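This structure is a prediction, so every number in the text was calculated from the model and none was measured. In each ligand, atom 1 is the first atom listed, and ligand 1 is the first ligand listed.
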Amino acid sequence: MADLRSDTVTRPTAAMREAMATAEVGDDVFGDDPSVNALEAHVAALFGHEAALFAPSGTMANQIALQLLVPRGEELLAGADAHVVTYELGGAAALGGVSTRTWPSVGAALDVEEIAAMIRPAGYPSVPTRAVAVEQTHNLGGGGVTGLDTLRELHKATSAAGVALHCDGARIWHAHVADGVPLAAYGELFDTLAVCLSKGLGAPVGSLVVGSAEQIARARPLRKRMGGGMRQAGVLAAAGRHALDHHVDRLADDHARARRLAQALEPLGVVDAAAVRTNLVPLDLSRSPLDAPSLAAAAAERGVLIAAMLPRTARLVTHLDLDDDAVDRAIDVLTALLRTG
Ligand SMILES: *Cc1c(COP(=O)(O)O)cnc(C)c1O
């Protein structure tokens with residue numbers, strides 16, 4: 001099977017398992033796990049922040065950050081297609097009492113003036129805006145990358161308004177590799193970041209919230225309240241550290257394979273190859289004989305797994321466990337299906 005459904009389907013490599021097997025561990029709820037403590041310090045330093053907190057998932061990392069930044073009953077601004085709006089099951093409202101208002105879906109192509117104009121100042125009786133969340137890279141935006149200049153403009157606007165800026169950086173590593181922007185250059189623009197080790201980096205589990213020492217001290221009980229206090233989590237932290245040390249630069253290979261997929265499928269009218277910047281390849285099936293579930297089912301019968309995201313949108317994802325042969329197979333199978341319907 002060539003599995004292109006997601007970059008979360010990767011399995012730990014032999015070297016990663018070795019790092020896990022030999023990790024020093026302790027009880028992380030007591031702050032005693034040296035591997036977790038080292039990973040947190042390392043990731044904080046990568047982004048030029050004071051501290052970080054290891055969490056079981058990217059969703060929990062985002063939700064902790066939103067609870068840090070937005071008091072109950074106050075407001076978050078995000079894109080309508082943001083992960084925090086679409087895929088976190090209403091967590092901002094259900095867990096943090098956060099009111100969310102969205103700008104229209106534009107993926108990574110942020111309109112800073114439009115976002116700035118949405119910010120509502122504190123003052124009874126309107127809901128004050130307390131934070132803006134952006135996604136880097138943008139998942140439903142086809143893995144799009146927001147340029148550093150745009151993020152700097154946004155940071156200027158939010159800090160002038162006294163509003164916090166959060167980055168859902170589940171795949172920020174991909175943006176760093178695609179645009180050659182140092183992680184610390186992103187870090188300096190955001191009050192908090194949530195980053196994932198279990199997507200393209202290939203760790204089995206793990207994400208981190210990154211912020212100031214004061215924020216991370218407040219984040220620890222928030223994580224515990226949500227059931228995210230883990231004990232000998234060093235086996236997971238060691239996998240994450242191995243991923244950071246060995247699997248970041250190689251993301252360029254995933255990007256090249258995604259580009260190759262997109263270029264091969266572009267003549268079928270389902271993808272704009274020039275828009276594919278990272279490891280996600282969205283297929284627009286609006287003019288195709290097959291809708292997304294039918295294409296996914298037919299491809300699966302032929303050994304190629306893809307994700308049906310919307311009725312007429314499918315997604316292909318390249319990752320650590322997908323080689324050139326698997327990409328060739330996906331191109332052959334999808335080309336045959338999309339030609340004949
Ligand atoms: C995957 C993802 C997350 C976190 O997902 P988990 O499955 O909870 O780890 C957050 N944001 C974006 C943009 C993602 O793609």
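- Annotation: side-chain hydrogen bond (donor to acceptor under 3.5 Å, both in side chains) contacts of Ser286 (sequence neighbours excluded): Asp284.
- With Ile331 as reference, Val327 is the one residue of Leu334, Val327, Val333 to meet the side chain to side chain contact (heavy atoms under 4.5 Å, CB included) rule.
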Distance-only donor-acceptor pairs under 3.5 Å for side chains of residues 195-211, two or more places apart:
unit_1: Ser207; atom_1: OG; unit_2: Gly58; atom_2: N; d: 3.0

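- For the residue pair Arg220 and Glu40, the shortest heavy atom distance occurs at NH2-OE1, 3.7 Å.
- When heavy-atom distances to ligand 1 are checked against 4.0 Å, the residues falling inside are Ser57, Gly58, Thr59, Asn62, His83, Glu88, Glu135, Asn139, Asp168, Ala170, Arg171, Lys199, ordered by chain and number.
- In terms of the ring pair (Phe, Tyr, Trp, His ring centres under 6.0 Å) criterion, residue partners of His174 (sequence neighbours excluded) are, by chain and number, His255.
- Residue Arg218 qualifies as enclosed at atom CZ: its count of foreign heavy atoms under 6.0 Å is above 12.
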